[in-house]
Every structure is written in C-alpha cells, then in structure tokens.
Amino acid sequence: MTENTTLRDRVGALVTEAAQAAIEAGSLPDIALPDEVIERPRDPANGDYASSLPLRLARSAMMPPLAIAEAIAAHLPAGEVIDAPRIAPPGFINLSLAEHFVQGEVDRIIEQGAAFANSSLGAGKRAQVEFVSANPTGPLHVGNGRGAAIGDTLASALGAAGYEVEREYYVNDAGTQTDVFTETLYARYQQQFGRDVSIPEGYPGEYMVDLAATLQEREGDRFLAAPGEPPAAGLRELGIELMVEQIRRTLTAFGTNYDRWFSERTLYEDSADGASSAYDTAIASLRENGHLAQREGALWLTSSELGEDKDNVVVRSDGRPTYFASDIAYHYDKFLGRGFDLVIDVWGADHHGHVSRVLVGTETVVGRADALHVLLYQLVTLKRGDEIVRLSKRGGEIITLDELVEEVGPDAARFFFLLRAPSSQMEFDLDLAVKQSNENPVFYIQYAHARLASILDRASTEGHTPDGGDVGLLTQPHELALVREMLRLSEVIEMVATTYEPQHLAHYGTELATSFHAFNDAFRQQGDPGLKVITDDPALTAARLRLVQAAKIALGRVLDLMGMTAPERM
RNA sequence: GCGCCAGUAGCUCAGUGGAUAGAGCGCUACCCUGCGGAGGUAGAGGUCAGAGGUUCGAAUCCUCUCUGGCGUACCA
C-alpha cells in the first residue's frame, strides 16, 4: 500500500477483498461489486467507517442483508488497521480503526510534516486553474474576492492531490471594453490638463480620475494630442498595465499569487519562430472541420449542429473577432499549446450563458471537452444593513476588494468566502462583516493553532521535547479522537480535488479545531494537574507533545491550503 | 417565453442515496480561572419551499408547481 493512498481507500479495499473472498468461498453469489463500498458514518458510535454494501447487494444476491453482512464480516478479521467488524441492522458493517493504528499515525504525521495528507490522485498530470480574470478596466470588487478565494484554494487542493498546478489570470487586453476604457482614460487625462471634455459612457468611476492623475504624474503630457485627435500611441497599453498592476497588488494583499498573467492579445500574435497565432490555428482548425459559415457578413460557428441551441458569431462583419473567438483560441492554447490535462475556469455565474458555447468550441478545436471544467460561483449580494448595494463596474459604485481586506483582513475575508459552496448565492452584509470580524470562525481555527504552538513553546522552555515520545501512551478518548480527525484530511483534499468544492476544507478546518479545543479542555475540566500535556511524567509528556506537534502540522496544513496564515501567537 | 443556479433552525449557511438532519451567530443554563477565555458542556429552536415518483432507504436522484438570483448580444 502506497503512502499516498487515503485511509478510506485502504479500508474500502479491505471490504472489497473480504466480499470477494466470500464469493470465492461460496458464501456469497458471484455478483458485481460497486467501486465505492464504504462511507463515513454521521454518528461516530457507528464506527470510523461503515459499509452499506449488504443493503445494496441484497437484491442481486437474493439474500437478506444481515446474512450478506455476516458473510463479508467473516472475511474481515481484526487486523493492522481495523478492529473486528460489527454488524448493525438493517445491514451495515461498522468498522473502527484499531487503537494502535491510530496511535501510530501520530508518528507518521510528524514524519511527513508539510507533505502530510498529500495524495497521488493527480500524480503525473498537469492542471491549470484560471480565476478572477476580471477585465483590467477597474479595480477588483468584493465579488471577485469570492472567485479568488475559490480558485486559489482549489489550486492548492489539486496540488496536494498530486497535480502539478498552474494558477493563471487571463488578462482581457483586447476587445471593445478596452477601447471604451482607453477613451475614458484619455478623457480623464485631458481633464487633468484643464480641457473641457465629456466622459464617454462606460466607466464613470472615480478611480479613472486617479488613474489619469497617476499617468500625468508619471508621463507628463506626452499622450496629449490636439483637441479631437486620438491620443499618442501607447496610452492603451500603459493604462492597462497600470490597472493590471493595481489588480495584482490587490490579489497579493488578499494572499493570492499567480504563476502566469496571460494576455489575450498574444493569442493573435504569431510566435517568434514564425508559427501561426493560436487564433489563426484555431480558426483554421474550425474551418477544416467544416464548422464555420459565412452569413450576414459575419463568420459563425455552426454550433447548432453540435448540440447548441444556436450558432455563435466568431468574426464580426467588421472583421474583428469576438470574445468568443478569443476563448476558443485560448482553450486551444491551454490544451494543444500547453498540454494541460485538466483545466478549470472559475467564472462568476453571470457568465453561465457562455459555458456551453465554450465547451462546444473547445470540443470542436481540441477534440474533447471533458478535461475542461467551468466552475461557476454565484454572485455575491452586498448589503449594508437592509439596503442592497449594486455591484457594477460600469455603473460606477463598487465596493472594492481592497476596502474589504482593509476592514476585515485577508484571512477573515477568504474564510468567509470559502465557507460557502460556490453554487450558493451569498449575502454579504458589509456592516456585519466588520462587526463580526472578531467572531469570524477563522479566528477559532487560528487560535487553536496558536495554542498548539504555545504548548510546544512552553514545553520547550521547561526542557521537554516530543522527540522519542511513545505514542502508545496516548489512550485518552479525546487524544484518539483528535488523531482520528486529523486522518480525515487526505480524504477532504481528494473530495475538494474531485468535486471542485473548496468549502469542504473550510468546514473540516473548523471541525479539526473543535477536536483540539475539546481535547485541550478535557484536561482542564478534570482539574487534575496530571491531566495536561505537560505533566510530571516525562514519558507521558513526550507522547502528548508528539500529538500536539502532529495536530499543529495538520491544522497548519489546512490553513495553508486555504491561503491563510497559521499564527504562532495571536 | 426558454435556459442555468438555488430554496434546510430566528439570521448566515454546511450536509459524499444510508442509521436520531448539523455548524456559526443570537437565546437559556452550567463548567473551567487555565500549558493563552478568541475555550468547553448541555438545552430550546426544523412541514429540509410544496406535490408526485424512483429506491430496501431521499434534504440528496427524476417530474411538475411556487419563490428568488442570473443569463438569453456581431459586450466582455
């Protein structure tokens, strides 16, 4: 059994083997077994794992569930990992981890350290997570923060699950939004020099005034042209560059860093060695496959022949490619250009009308779309008390991500977003967010980590060390419960990496912290000075310090995966 | 109209077809005065929107209805 198999898979394999042994022994008929044979029971009284296999097989085996349970259990003797199985009506097989196994895992966790709970699910595969990717025409708002928290954590979880992961921001620096942005910027820029020019419709926000001021400060009047004439060359590029810089700073402050900022414009550029652009190649491929049609002066992807409800314009009648064309070229580049095995696009739900189109386009050009997953997160509704705040970059008022981070800090903001399933619409009460920042559950987790660190510190100053501690001395219920909780982490990581739902990690973190707090308080409640981590008994102290050390590793890992700090003190 | 996502405790939300539906906040009553109280235990609080269906078993899967958000561009 390899190091990177989850415990769940190990135990599940034992059940599958037992069932097969029962079939070979003739106590079960020769029937097909499902892949998933065990689950985590809700009630811990029913064991660490349980199998409902007997209930599910009853029909095809034509046997009563309890008889099947007995047939399987007979081949599931107590062993290295689990104790003897217990059969429970109407047909469950309940399994508990053996105490010595649980104890031994403490040593293993310490040995693995920061690699604890990694899995090999995605070993040898390259994954890309593209997220936020807001147009560089204004500052990020609170809703973008949700995408950032989700995408970043998902990328971390995929990494822990064995994938080689790249985080990417797709910079939309081509297209009409950029034109409007540049026009507005130039208008604001001219105003800086006292010209009476009107602001085009598009981006009325105050930040454009600041951006123009920055431009004037750094570049002087070199973009100024005669009234009514277009600005000097380079304004567009510099404006976008400044905006992207601002976005990058915002995300860094939020705790999110990218491997690559991908320029949309490069899709249209031939490579240095003379190879055609991604756009040209993708269009040629579509044409070759007979999926393009010239109609009404425009070039269409005949997607209705491919299961879509309508065709989509790829090249406008004025010759400019659409955003959709960029997206086809972009995904061509992701798969055929860069060879990712798994690509996840994290989009706000307001883009959901675009999903099936992109999947069809990708399938047409790449030949398959099963490796592309578009993860939609529902929009964040902002409230101040009872008043709903509209989020609109083009409408003017926005609550920026910077403001949120300023008020509640990056950790609390991230955790707030991570607690909710992407598919869940969430209400964000700005007043409450500030008021509750001290009650945010993230502090509950971080506090647990700080106390673990504190215990190790204290022990160290008193001359105690975890080294050489005998984990066999860990027999208190709260000690073993804490270890059991830690052992779930690899399963949670795999769940996040397969369902693309990071909220499981956030909830697990809370539960792990609860296990520690219960463990810690159990000693205190009993009022016996011998019932602490640091006791008069050096052997027991060392054993418990090992547990504390392992717990700190596990909790630190969870916080790290969520992109949050694991404080030594608070 | 059509399509996508949702509807679970007073509020904000978890819940991988399994056993008695959970957490945080708020409310009530306790514990501990600590190796850090940003803690622990217990309690009250539920028609899992509604109605059918599938299944040994449904908050979970299917159908319909109601409610909310979003989309339905030669914008991105």
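- In this structure, A:Arg316 does not pair ionically with A:Asp318, as no charged nitrogen and carboxylate oxygen lie closer than 4.0 Å.
- Nucleic acid contact for A:His517: sugar-phosphate only, since backbone atoms but no base atoms lie under 4.0 Å from a heavy atom of the residue.
- Distances were taken from every side-chain heavy atom of A:Pro41 (C-beta onward) to each of B:A19, B:C35, B:G69; the shortest belongs to B:A19.
- Nucleic acid contact for A:Ser424: sugar-phosphate only, since backbone atoms but no base atoms lie under 4.0 Å from a heavy atom of the residue.
- If you check every strand for non-hydrogen atoms under 4.0 Å, A:Gln425 touches a base.
- Side-chain proximity of A:Lys310 to the nucleotides B:A73, B:A14, B:C74 is greatest for B:A73.
- The heavy-atom pair separating A:Pro139 from A:Met243 by the smallest distance is N-CE, 3.5 Å.
- Rounded to a whole angstrom, the distance from the P atom of B:C48 to that of B:G7 is 14 Å.
- As judged by a 4.0 angstrom heavy-atom cut-off over every strand, A:His351 is placed among the base-contacting residues.
- Checking B:A76, B:C35, B:C70 against every side-chain atom of A:His354, the shortest atom distance belongs to B:A76.
- Heavy atoms of A:Ser454 sit under 4.0 angstrom from at least one base atom.
- Residue A:Thr322 has no polar side-chain atom (N or O) positioned under 4.0 Å from OP1 or OP2 of B:C74.
- For A:Arg458, the side-chain atoms get nearest to B:C35 when compared with the rest of B:U16, B:C35, B:A73.
- Here the nucleotide nearest the side chain of A:Arg316, chosen from B:C75, B:U16, B:A19, is B:C75.
- A residue-by-residue look at A:Leu379 and A:Arg357 shows that A:Leu379 has its nearest nucleotide of RNA chain B further toward the 5' end.
- Between A:His504 and A:Thr499 there is a side-chain heavy-atom pair separated by less than 4.5 Å.
- Using a cutoff of 4.0 Å between basic side-chain nitrogens and carboxylate oxygens, A:Asp311 and A:Arg295 are scored as salt-bridged.
- Classification of the A:Tyr203-A:Phe181 ring pair by plane angle, with boundaries at 30° and 60°, yields perpendicular.
- As judged by a 4.0 angstrom heavy-atom cut-off over every strand, A:Met426 is placed among residues touching the sugar-phosphate backbone only.
- The side chain of A:Ile455 approaches B:C35 more closely than any other nucleotide in the set B:C35, B:G71, B:G40.
- In the set B:U20, B:G18, B:G69, the nucleotide with an atom closest to the side chain of A:Asp43 is B:U20.
- With distances taken from any side-chain atom of A:Gln378 to the nucleotides B:A76, B:A19, B:C5, the minimum falls on B:C5.
- Look at A:Arg451 and you won't find any side-chain N or O under 4.0 angstrom from OP1 or OP2 of B:G36.
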Hey, mind stepping through A:Arg265 and A:Glu237 against salt bridge (Lys or Arg N to Asp or Glu O under 4.0 Å) and telling me if it holds? CA-CA 11 Å; A:Arg265 222 175 328 161; A:Glu237 289 73 16; 3.4 Å; yes

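- No engagement by A:Ala459 is indicated, since no non-hydrogen atom pair under 4.0 Å with the nucleic acid exists.
- Among the atoms of the strands shown, only primed sugar atoms or phosphate atoms (P, OP1, OP2) are found under 4.0 Å from some heavy atom of A:Tyr444.
- Spacing of P atoms, B:G40 relative to B:C64, comes out at 46 Å, to the nearest Å.
- Aromatic ring centres of A:Tyr170 and A:Tyr330 lie closer together than 6.0 Å.
- Each of A:His352 and A:Glu39 lies near RNA chain B, and the nucleotide nearest A:His352 is the one positioned closer to the 5' end.
- In the set B:G15, B:G39, B:C74, the nucleotide with an atom closest to the side chain of A:Ala421 is B:G15.
- A heavy atom lying under 4.0 Å from RNA chain B marks the following residues of residues 45-58 of chain A, by number: A:Asn46, A:Ala50, A:Ser52, A:Leu55, A:Arg56.
- Residue-level contact check: A:Glu296 touches the bases, meaning some heavy atom is under 4.0 Å from a base atom.
- Distances shorter than 4.0 Å separate none of the side-chain N or O atoms of A:Thr176 from OP1 or OP2 on B:C75.
- A ring-centre distance under 6.0 Å is found for A:Tyr323 and A:His354.
- Looking only at distances, no side-chain donor or acceptor of A:His331 sits under 3.5 Å from a matching main-chain atom of A:Ile328.
- Spacing of C1' atoms, B:G68 relative to B:G57, comes out at 32 Å, to the nearest Å.
- Comparing B:C5, B:A38, B:A76 by their nearest atom to the side chain of A:Asn172 picks out B:A76.
- Within 4.0 Å of A:Asp179, counting heavy atoms only, lies no atom of the nucleic acid at all.
- Counting non-hydrogen atoms under 4.0 angstrom, A:Asp309 reaches nothing in the nucleic acid.
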